Amino acid sequence: TGICTFDPGFGSTASCESSITYIDGNKGVLLYRGYPIEELAAEGDMLDSTFLLLHGELPSRAEKRVFGREIKMHTLVHEQLIQFYRGFRHDAHPMAIMCGVVGALAAFYPEVANTRDPAQQLRACYRLIAKMPTLAAMAYKTSIGQPIIYPRNDLSYAENFLHMMFAVPCERYEVDPELAKALEIIFILHLDHEQNASTSTVRTAGSSQANPFACVASGIAALWGPAHGGANEAVLKMLQEIQDLGGVESIPEIIRRAKDKTDSFRLMGFGHRVYKTYDPRAKLMRQVTYRVLEKMGIKDPLLDIAMELEKIALQDEYFVKRSLYPNVDFYSGIVLRALGIPVEMYTVLFAMARTVGWVAQWKEMVSEPVNRITRPRQIYTGHLRRKYVADVDRT
Ligand code: CMC
């Protein structure tokens, strides 16, 4: 019924009203609740930005203390959930595990499906934010056959995550606070990005009043693809491939392939639906990458390849004409690699951080006085009414 507009990929359709994140794609501006991402990353921490996205304002010191305690109350997961990890093949991709275990959390908190109680809704958000690092580190530990390391609530968000990833029983593990700070900046850059594919998926699932844990699992699934959050893993694999092919000399061939319309290959970590200039997150990510590599005394040939690739692409008419610039995923892999994070975990880290945005957006949506189920229409291109043909008469 009615007239509908055809907008494949929703390039020009606003699906909701939101006061969380603002992007100016032409100027390369990204604001969380009005605050520039550059300032939040340089001056604030995860707790500040998480509180800001969820509650709309930066917390006072007292609010921050209470908030930190409230989140940390939920870092443990039900012991029964640990059984789930044993059911996966040892080489399962951690994103596959995350789709399963986060969705399974809905079974532990069935009461939050279709709740109108703001306190219950908020508790579900806190649980998701607190449990994601625990579930993510458990996926990694399972994949390498090591015992699970329980969370430590005396540490910051990033320190605790590094602890759960890299500590082993019977050995001392000291988290380097400077590296934890760098990781925290990376997380802040990924917290929210308005109506991207995964956030829209979370909202779409939530619009049917589904359990928020299941909604976030649907967001993880949408994030996994290489056109979205899976790009960080794909970038690193691309840079490694260039290195294997002989290093910077092979860049022209990669560029040629990316431009070839008969080849499905794309330059990973380049281009964005909204940014038609340098992604502000990529700029910050490049700075963090340099800082971490310098601090760790690492000289990574993949960084040289990435810089040369960027330089050549930005001078190439194909990329210039289409306003294709590096996006957040272009440099993130190099810095995560320096921090010792295995490549299969890159998108999991993205999911951990983006959980804050997903739950903030879900909460904003379910707090509206009226929620309308997401239900796009289509342009039907099939047959119109036909007469049924019995099987004996089919040719
Ligand atoms: N390499 C080569 N050509 C490209 C690329 C690329 N990375 N990105 C876009 N193009 C071309 C595309 O072929 C098209 O050319 P033409 O006009 O001749 O048909 C034009 O640029 C416009 O591309 P589009 O596919 O219509 O743009 P989109 O807004 O639908 O897609 C994108 C955006 C991010 C999916 C796409 O740029 C892409 O596939 N990039 C590589 C994957 C990537 O880095 N993804 C991470 C995105 S940022 C973080 C996140 O969202 O998670």
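For this chain, numbers begin at 1 and follow the sequence in order. Note: hydrogens, waters and symmetry copies are ignored here, and every other heavy atom, side chains too, is used. Just so you know, ligand 1 is whichever comes first in the structure, and atom 1 is the first atom listed for that ligand. Everything numeric in this text was worked out from a predicted model, so none of it was measured.
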Task: Check: T75/N153 side-chain N/O donor and acceptor closer than 3.5 Å - done: yes
Open item on the list: List ligand 1 atoms under 4.0 Å from Y318, heavy atoms only on the residue side.
Closed with: 2 (C), 3 (N), 4 (C), 11 (C), 13 (O)
- [ ] Would you mind finding which of K261, R266, H228, H193 brings a heavy atom closest to atom 32 (C) of ligand 1?
- [x] R266
Open item on the list: Can a side-chain donor-acceptor contact be found between S18 and E194 if the only test is distance below 3.5 angstrom?
Closed with: no
Task: Heavy atom of the protein closest to atom 30 (O) of ligand 1 (residue, atom name, distance) - done: R273 NH2, 3.0 Å
Open item on the list: Out of all atoms in ligand 1, which are within 4.0 Å of some heavy atom of V328? Include the element for each.
Closed with: 49 (C)
Open item on the list: Side chains of R33 and S19: any donor to acceptor distance under 3.5 Å?
Closed with: yes
Task: Proximal atoms of ligand 1 relative to F350 (non-hydrogen, under 4.0 Å) - done: 52 (O)
- [ ] Pull out every atom of ligand 1 sitting under 4.0 Å from any heavy atom of G229, numbered as shown with elements.
- [x] 52 (O)
Open item on the list: As a test of the contact definition, would atom 34 (C) of ligand 1 count as having a protein heavy-atom neighbour under 4.0 Å?
Closed with: yes
TODO: Measure the distance from atom 9 (C) of ligand 1 to every protein heavy atom, then report the residue, atom name and distance (to 0.1 Å) of the closest one.
DONE: L324 CD2, 3.5 Å
Open item on the list: Return the closest protein heavy atom for atom 45 (N) of ligand 1 as residue, atom name and distance.
Closed with: A227 O, 2.9 Å
Open item on the list: Using a 4.0 Å cutoff against the non-hydrogen atoms of G271, which atoms of ligand 1 qualify?
Closed with: 34 (C), 37 (O)
Open item on the list: For the CD atom of Q195 and the CZ atom of F10, what is their distance to the nearest 0.5 Å?
Closed with: 11.5 Å
Task: P133 backbone acceptor or donor facing Y157 side chain under 3.5 Å - done: no
Task: Nitrogen or oxygen atoms of L267 and ligand 1 under 3.5 Å apart - done: yes
Task: Ligand-side contact atoms (ligand 1) for residue partner G269, heavy atom cut-off under 4.0 Å - done: 43 (C), 44 (O)
TODO: List the closest protein heavy-atom neighbour of atom 42 (C) of ligand 1: residue, atom name, distance to the nearest 0.1 Å.
DONE: M268 CE, 3.5 Å
- [ ] Report yes or no: do Q361 and D192 form a side-chain donor-acceptor pair below 3.5 Å?
- [x] yes
Open item on the list: Looking only at side-chain N and O atoms, does N26 offer a donor or acceptor that is under 3.5 Å from a partner on T277?
Closed with: no
Task: Expected output: side-chain K283 to main-chain Y278 donor-acceptor under 3.5 Å - done: no
Task: Side-chain (D7) to main-chain (S12) donor-acceptor, under 3.5 angstrom - done: yes
TODO: Look at atom 26 (O) of ligand 1 and say whether a protein heavy atom is found at less than 4.0 angstrom from it.
DONE: no
Open item on the list: Taking distance alone, with N or O pairs closer than 3.5 Å, would you say F270 contacts ligand 1?
Closed with: yes
Task: Polar contact flag, side-chain donor to acceptor under 3.5 angstrom, R86-Q83 - done: yes
Open item on the list: Between ligand 1 and G11, can you find any atom pair, the residue atom being a heavy atom, that is separated by under 4.0 Å?
Closed with: no
Open item on the list: Can a donor-acceptor pair be found, under 3.5 Å and without considering hydrogens, that links the side chain of H228 to the backbone of W224?
Closed with: no
Task: Under 4.0 Å to a heavy atom of A231 - the qualifying atoms of ligand 1, by number - done: 43 (C), 44 (O), 45 (N), 46 (C)
Open item on the list: I'd like to check which ligand 1 atoms, numbered from 1 as shown, lie under 4.0 Å from a non-hydrogen atom of R322.
Closed with: 11 (C), 15 (O), 16 (P), 17 (O), 18 (O), 20 (C), 21 (O)
- [ ] Could you tell me the residue and atom name of the protein heavy atom closest to atom 2 (C) of ligand 1, and the distance to it rounded to 0.1 Å?
- [x] A258 O, 3.5 Å
TODO: Examine the proximity of ligand 1 to A197 and report which part, side chain or backbone, both or neither, has a heavy atom under 4.0 Å away.
DONE: neither
Open item on the list: Among T347, N327, D329, which one puts a heavy atom closest to atom 49 (C) of ligand 1?
Closed with: D329
Task: L122 backbone acceptor or donor facing K363 side chain under 3.5 Å - done: no
Open item on the list: As a test of the contact definition, would atom 15 (O) of ligand 1 count as having a protein heavy-atom neighbour under 4.0 Å?
Closed with: yes
Task: SB check K259 E317 (cutoff 4.0 Å) - done: no
